[in-house]
Colleague: 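Here it is, the structure in full.
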Amino acid sequence: MRADARCGKMARFLASAGIMPRPDQRPVGVFDSGVGGLTVLKAMREAMPHEDLLYLGDTARLPYGTKSAASVLRYAHRAAEHLIGYDIKMLVIACNTASAVALDDLQRDLAPLPVVGVVKPGARAAVAARPAARHLVLATEATVRLGAYSRALAEIDEHAEVSEMACEMLVAQAEEGWTEGAVAEAIVRAYLDPVLGSAAKPDSLILGCTHFPILRGVIRSVVGADMSIVDSAVTTASLVQERLRSGGIGGAAGRTGSLRLLATDGGRRFAQVGGTFLGEPLSTEAVEIVDI
Ligand code: DGL
């Protein structure tokens with residue numbers, strides 16, 4: 001018997017004996033402005049293969065990163081309300097822009113539903129990788145405007161130095177799947193060369209946008225081997241796992257969780273582009289179009 005199956009059997013026994021909380025089989029709701037949040041979903045599936053996951057990509061309103069905070073807040077509320085209709089047990093905002101704008105609001109308005117964002121886990125990952133570092137955050141215009149990473153880093157590491165750079169072109173580049181080659185490198189260089197050649201050269205790069213992890217290879221080739229490069233996917237997945245455990249709302253171990261994908265527009269494109277972010281091919285039929 002596999003270890004996770006043994007765990008599942010043990011958990012069911014302890015639950016039936018009233019020693020452990022009963023497994024909570026409600027899905028975890030995850031949303032992003034589009035397909036970028038699938039990088040977070042991928043890490044969640046790897047960390048919690050037994051949980052049912054429900055993902056909503058608000059592709060009709062993408063990108064969030066160039067919109068006003070008021071619009072992003074409205075979109076985030078709509079996405080959250082839609083997912084709540086599926087009786088979710090936790091909400092994960094798998095979008096840096098929406099986390100920067102709407103995390104506090106959604107946590108307050110949806111309580112007691114646990115709501116997790118990606119900015120703080122990303123900041124924690126960066127400090128763990130390199131304490132007292134000079135961080136450069138690559139993000140969308142809206143995330144940079146709100147200084148969300150600067151605040152999150154200051155809370156964790158008083159010695160951290162932070163600058164933030166809006167890189168909207170990298171969002172389009174990731175969506176186009178230009179993850180390598182001369183054009184991909186030229187775009188990354190256009191953003192990074194000026195800082196790499198400056199006296200304030202960073203030693204830590206934070207990928208503060210869900211689209212950027214798929215550009216990690218080309219970014220690495222531009223910045224060289226010494227700079228730390230972090231994103232928030234794995235640390236967000238760990239935080240979700242910990243919150244499910246501490247809240248007594250984890251699903252039964254030893255089973256294979258389901259994955260349901262919703263999008264507000266363009267199932268074919270979602271499947272095509274999303275496959276790269278999720279790391280496995282997606283079919284158009286696997287994507288349900290919803291109106292929110
Ligand atoms: N998901 C967004 C983020 O992480 C990037 C794409 C967008 O601008 O909507 O900030």
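Just follow the structure's listing: the first ligand is 1, and inside any ligand the first atom is 1. Everything numeric in this text was worked out from a predicted model, so none of it was measured.
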Colleague: Could you tell me, atom by atom, which parts of ligand 1 come under 4.0 Å of a heavy atom of D32?
Modeller: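 Once the distances to D32 are compared, the set is 1 (N).
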Colleague: Are there more than 12 heavy atoms of other residues, nucleotides or ligands under 6.0 Å from atom CZ of R108?
Modeller: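 It does: R108 CZ has more than 12 such atoms within range.
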Colleague: Do S258 and D52 get their side chains close enough for a donor-acceptor pair, meaning under 3.5 Å?
Modeller: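 Present: a donor and an acceptor within the cut-off.
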Colleague: By number and element, which atoms of ligand 1 are closer than 4.0 Å to a non-hydrogen atom of C209?
Modeller: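 Going through ligand 1 atom by atom, the ones under 4.0 Å from C209 are 3 (C), 4 (O), 5 (C).
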Colleague: For residues Y75 and Y64, establish whether the separation of their ring centroids is below 6.0 Å.
Modeller: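 Ring-ring flag for Y75/Y64: true, centres closer than 6.0 Å.
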Colleague: Between L62 and ligand 1, which part of the residue brings a heavy atom under 4.0 Å of the ligand: side chain, backbone, both or neither?
Modeller: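 Only the side chain of L62 comes within reach of ligand 1.
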Colleague: Quick test of your reading of the model: are K89 and E51 salt-bridged, counting only N-O distances below 4.0 Å?
Modeller: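 Yes, this pair counts.
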Colleague: Are S33 and ligand 1 in contact, using a heavy-atom cut-off of under 4.0 Å?
Modeller: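 S33: in contact with ligand 1 (<4.0 Å).
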Colleague: When you measure from the heavy atoms of G34 to every atom of ligand 1, does any distance fall below 4.0 Å?
Modeller: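 It does not; every heavy atom stays at 4.0 Å or beyond.
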Colleague: What residue and atom, counting heavy atoms only, is the protein's closest point to atom 8 (O) of ligand 1, and at what distance?
Modeller: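 Answer, as residue, atom name and distance: G65 N, 2.8 Å.
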Colleague: What part of V118 sits under 4.0 Å from ligand 1 if we count only heavy atoms: the side chain, the backbone, both or neither?
Modeller: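 The answer is neither.
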Colleague: What is the distance from atom OG of S228 to atom CG of L205, rounded to the nearest 0.5 Å?
Modeller: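 The distance works out to 8.0 Å.
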Colleague: Identify the closest protein heavy atom to atom 2 (C) of ligand 1: which residue and atom is it, and at what distance?
Modeller: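 It is C95 SG, 3.5 Å.
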Colleague: Any idea which atoms of ligand 1 are less than 4.0 Å away from a heavy-atom of H211?
Modeller: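 Under 4.0 Å from H211, ligand 1 has these atoms: 5 (C), 6 (C).
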Colleague: Under 3.5 Å, is there a donor-acceptor pair between the S238 and T235 side chains?
Modeller: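 Side-chain D/A pair, S238 to T235: absent.
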Colleague: Just checking, is any N or O donor in the side chain of T143 or N96 under 3.5 Å from an acceptor N or O on the other one?
Modeller: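 No, because no side-chain N or O of T143 sits under 3.5 Å from a partner of the opposite role on N96.
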Colleague: Looking only at heavy atoms, is any part of T140 under 4.0 Å from ligand 1, and if so is it the side chain, the backbone, or both, or is it neither?
Modeller: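 The answer is the side chain of T140.
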Colleague: Numbering the atoms of ligand 1 from 1, which are under 4.0 Å from a heavy atom of Y64?
Modeller: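 Heavy-atom distances to Y64 below 4.0 Å select 7 (C), 8 (O), 9 (O).
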Colleague: Of all the atoms in ligand 1, which lie at a distance below 4.0 Å from a heavy atom belonging to P63?
Modeller: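 That gives atoms 7 (C), 8 (O), 9 (O) of ligand 1.
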Colleague: Examine F31 together with H82 and report whether their ring centres are nearer than 6.0 Å.
Modeller: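 No: the rings miss the under 6.0 Å criterion.
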Colleague: Among all protein heavy atoms, pick out the one at the shortest distance from atom 10 (O) of ligand 1; state its residue, atom name and that distance to 0.1 Å.
Modeller: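 Here the nearest protein heavy atom works out to T97 OG1, 2.6 Å.
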Colleague: Show which atoms of ligand 1 fall inside a sub-4.0 Å distance from at least one heavy-atom site of T210.
Modeller: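 Checking each atom against T210, I get 1 (N), 2 (C), 3 (C), 4 (O).
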Colleague: What distance do H159 atom NE2 and R134 atom CZ have between them, rounded to the nearest 0.5 Å?
Modeller: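 One finds 15.0 Å between NE2 of H159 and CZ of R134.
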